[in-house]
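This report concerns only the one structure given below.
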There are 2 protein chains.
Amino acid sequence: MTKMQKEYNLSKNQQIVFDIIEKSNEPVKAYSILFNVKKKGIKAPPQVYRALEKLIKLGKIHKVESKNAFVACKSSNCEISKATAFSICEICEKVTEIANNKLSNFLNSFEDKSGMKYKKYNLEFFGLCKKCKKS
Amino acid sequence: MTKMQKEYNLSKNQQIVFDIIEKSNEPVKAYSILFNVKKKGIKAPPQVYRALEKLIKLGKIHKVESKNAFVACKSSNCEISKATAFSICEICEKVTEIANNKLSNFLNSFEDKSGMKYKKYNLEFFGLCKKCKKS
DNA sequence: TAACAGTATGTAATAATATAACATTTGAAA
DNA sequence: TTTCAAATGTTATATTATTACATACTGTTA
Ligand SMILES: [Zn+2]
Ligand SMILES: [Zn+2]
Ligand SMILES: [Zn+2]
Ligand SMILES: [Zn+2]
């Protein structure tokens, strides 16, 4: 553990995994991460999955459930990951985290007659991105 | 294919798989379905997954992405599955499909500055159900 | 410092979820 | 009755994720 690390609060493996995800411009799958970190000494699935789990808890990354893949959090609001929204293009598969106050306010305050108290949500929108709409 | 079927538009395997899911009061996993239909002659994963895929297309069932499990549609509105919302209890794991016009209207008409046209969404709320809140 | 607790790591094995590929059958329409 | 799309059967394999257990590192406190 040297002072060269970008993030003092991340452990070695957590930082390695986070770097991969953050550099990617598309969601990254766990085994793709595993493949890419073999050269750095991470050899087995649990090492990757444990880092992913911790990074999610910290709100540094999110899991895109419909894709079983992981993206770095861009919104910096979601320090602790409890409310996530993504837009997913059905053609090019581009995934973008949605940061929209109207949306998050609406969902954070949503209540229905079930009597359930919602603390957390995950929303995935599907459609066509600007580019793919044109073509 | 006899006249005894409940749903004329479903094939034999689709009906078998749908019956299992509909009878259950909790989300059902694909391999749990597979196990339960062995006695009816369905022997291999693809038979189950193909039925699931078709049932989803028809809007008869939905996949709860965060659980990799399937529930029958109760709302009867979503004839074609394009807008789904669930509440999931973090303790007892009960999953309920949310039918709420305010919510669906809001999400169906949601637009942001990305220029993306949203045709479909899946929303999963997490929290504590009435029962688990008390205990 | 030494003991301790909590967190992180390494490793092997295996479980759970899902798809590919290909042959065959069925159902309904033309 | 030919024809085509949909559905089925089957084997094998790919992909995603966890269990279990041993070891090591970190910071805190007696
Ligand atoms: Zn975020
Ligand atoms: Zn696109
Ligand atoms: Zn529904
Ligand atoms: Zn509950």
Side-chain angles (χ1 to χ4, degrees), chain A residues 1-21 24 26-58 60-71 93 95 122, chain B residues 1-5 7-21 24 26-71 93 95 122:
Chain A
M1 183 86 81
T2 77
K3 291 189 178 178
M4 295 306 293
Q5 277 183 236
K6 286 176 210 154
E7 313 263 352
Y8 286 86
N9 50 336
L10 296 185
S11 74
K12 177 172 134 285
N13 287 1
Q14 289 158 18
Q15 186 67 53
I16 291 170
V17 168
F18 180 66
D19 285 346
I20 299 266
I21 298 172
S24 171
E26 59 187 8
V28 197
K29 305 213 151 216
Y31 275 74
S32 153
I33 295 170
L34 180 56
F35 178 84
N36 280 290
V37 298
K38 285 264 168 80
K39 41 184 164 289
K40 307 218 169 179
I42 295 179
K43 291 173 188 158
Q47 296 173 290
V48 170
Y49 280 99
R50 285 190 294 228
L52 291 171
E53 186 182 26
K54 189 62 189 289
L55 292 166
I56 288 170
K57 257 186 205 141
L58 296 171
K60 312 274 302 173
I61 67 169
H62 304 302
K63 181 171 187 182
V64 183
E65 292 286 355
S66 64
K67 291 190 158 314
N68 295 318
F70 304 86
V71 294
E93 309 224 299
V95 173
N122 178 60
Chain B
M1 184 85 80
T2 76
K3 293 193 176 174
M4 295 307 293
Q5 278 183 237
E7 314 264 349
Y8 287 87
N9 49 335
L10 295 184
S11 74
K12 177 172 135 282
N13 287 1
Q14 288 157 17
Q15 186 67 53
I16 291 170
V17 168
F18 180 66
D19 285 344
I20 300 264
I21 298 172
S24 171
E26 60 188 6
V28 196
K29 306 212 150 219
Y31 275 74
S32 151
I33 295 169
L34 180 56
F35 177 83
N36 280 290
V37 298
K38 285 261 167 83
K39 40 184 163 290
K40 305 219 169 178
I42 296 180
K43 290 174 188 160
Q47 295 173 290
V48 171
Y49 280 99
R50 285 190 294 229
L52 290 171
E53 185 182 27
K54 189 63 190 289
L55 291 167
I56 288 170
K57 258 186 204 139
L58 295 172
K60 312 273 302 173
I61 66 169
H62 305 302
K63 181 172 186 181
V64 182
E65 292 287 353
S66 64
K67 292 190 160 310
N68 295 318
F70 304 85
V71 293
E93 310 224 298
V95 174
N122 178 59

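Chain letters run A, B, ... following the sequence lines, proteins first and then strands; every chain starts at 1.
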Inset, instruction - To the nearest Å, give me how far apart CG (B/Leu10) and P (C/dG27) are. - result: 15 Å

Inset, instruction - Please work out if A/Lys67 contacts a base, only the sugar-phosphate, or nothing of the nucleic acid, heavy-atom cut-off 4.0 Å. - result: nothing

Legend entry - Closest non-hydrogen atom pair, A/Ile42 against A/Val48: CG2-CG2, 4.0 Å

Inset, instruction - Verify the contact: side-chain N or O of B/Asn68 to OP1 or OP2 of D/dT16, cut-off strictly under 4.0 Å; return yes or no. - result: no

Inset, instruction - Classify every nucleotide of nucleotides 3-8 of chain D by which part a protein heavy atom approaches to under 4.0 Å, writing B for the base, S for the sugar-phosphate alone and - for neither, in 5'-to-3' order. - result: ----SB

Legend entry - Contact list for DNA chain D against residues 37-44 of chain A - heavy-atom distance below 4.0 Å: none

Legend entry - Matching residue for A/Lys63 among A/Asn122, A/Asn68, A/Leu52, A/Val71 - test: side-chain contact (heavy atoms from CB on, under 4.5 Å): A/Asn68

Distances for protein N or O near nucleotides 13-16 of chain C N or O, under 3.5 Å:
none

Inset, instruction - Could you list the residues that satisfy side-chain hydrogen bond (donor to acceptor under 3.5 Å, both in side chains) with A/Gln14, not counting sequence neighbours? - result: A/Ser11

Legend entry - Atom-to-atom span, CD of A/Glu65 to P of D/dT16 - whole angstrom: 13 Å

Inset, instruction - In whole angstrom, give the distance that lies between atom CG of A/Leu52 and atom P of C/dA8. - result: 14 Å

Legend entry - Separation of D/dT18 P from A/Glu53 CD (nearest whole Å): 8 Å

Legend entry - Contact check, side chains of A/Leu10 and A/Leu55, non-hydrogen atoms, under 4.5 Å: yes

Inset, instruction - Measure the angle between the two terminal helix axes of the helix from C/dT1-D/dA30 to C/dA30-D/dT1, five base pairs each, and quote it to 10°. - result: 20°

Legend entry - Rounded distance (nearest 0.5 Å) linking atom NZ of B/Lys40 with atom CG of B/Asp19: 6.5 Å

Legend entry - Closest non-hydrogen atom pair between B/Gln47 and B/Lys43, with its separation: OE1-N, 2.8 Å

Legend entry - A/Asn13 versus A/Ala51, closest heavy-atom pair with distance: O-CB, 4.0 Å

Legend entry - Separation between CD1 of A/Ile20 and CD of A/Gln15, rounded to the nearest 0.5 Å: 11.0 Å

For a quick test of your reading: what N or O donor-acceptor pairs under 3.5 Å do the side chains of residues 29-36 of chain B make, sequence neighbours left out?
from    : atom 1 : to      : atom 2 : distance (Å)
B/Lys29 : NZ     : B/Lys67 : O      : 3.0
B/Asn36 : ND2    : B/Ser32 : O      : 2.7

Legend entry - Closest heavy-atom pair and its distance - B/Ile21, B/Phe70: CG2-O, 3.7 Å

Inset, instruction - Mind checking side-chain hydrogen bond (donor to acceptor under 3.5 Å, both in side chains) for B/Glu65 and listing every partner two or more places apart, or none if nothing turns up? - result: none

Legend entry - Interatomic distance, A/Phe35 CZ vs D/dT16 C1' [rounded to whole Å]: 17 Å

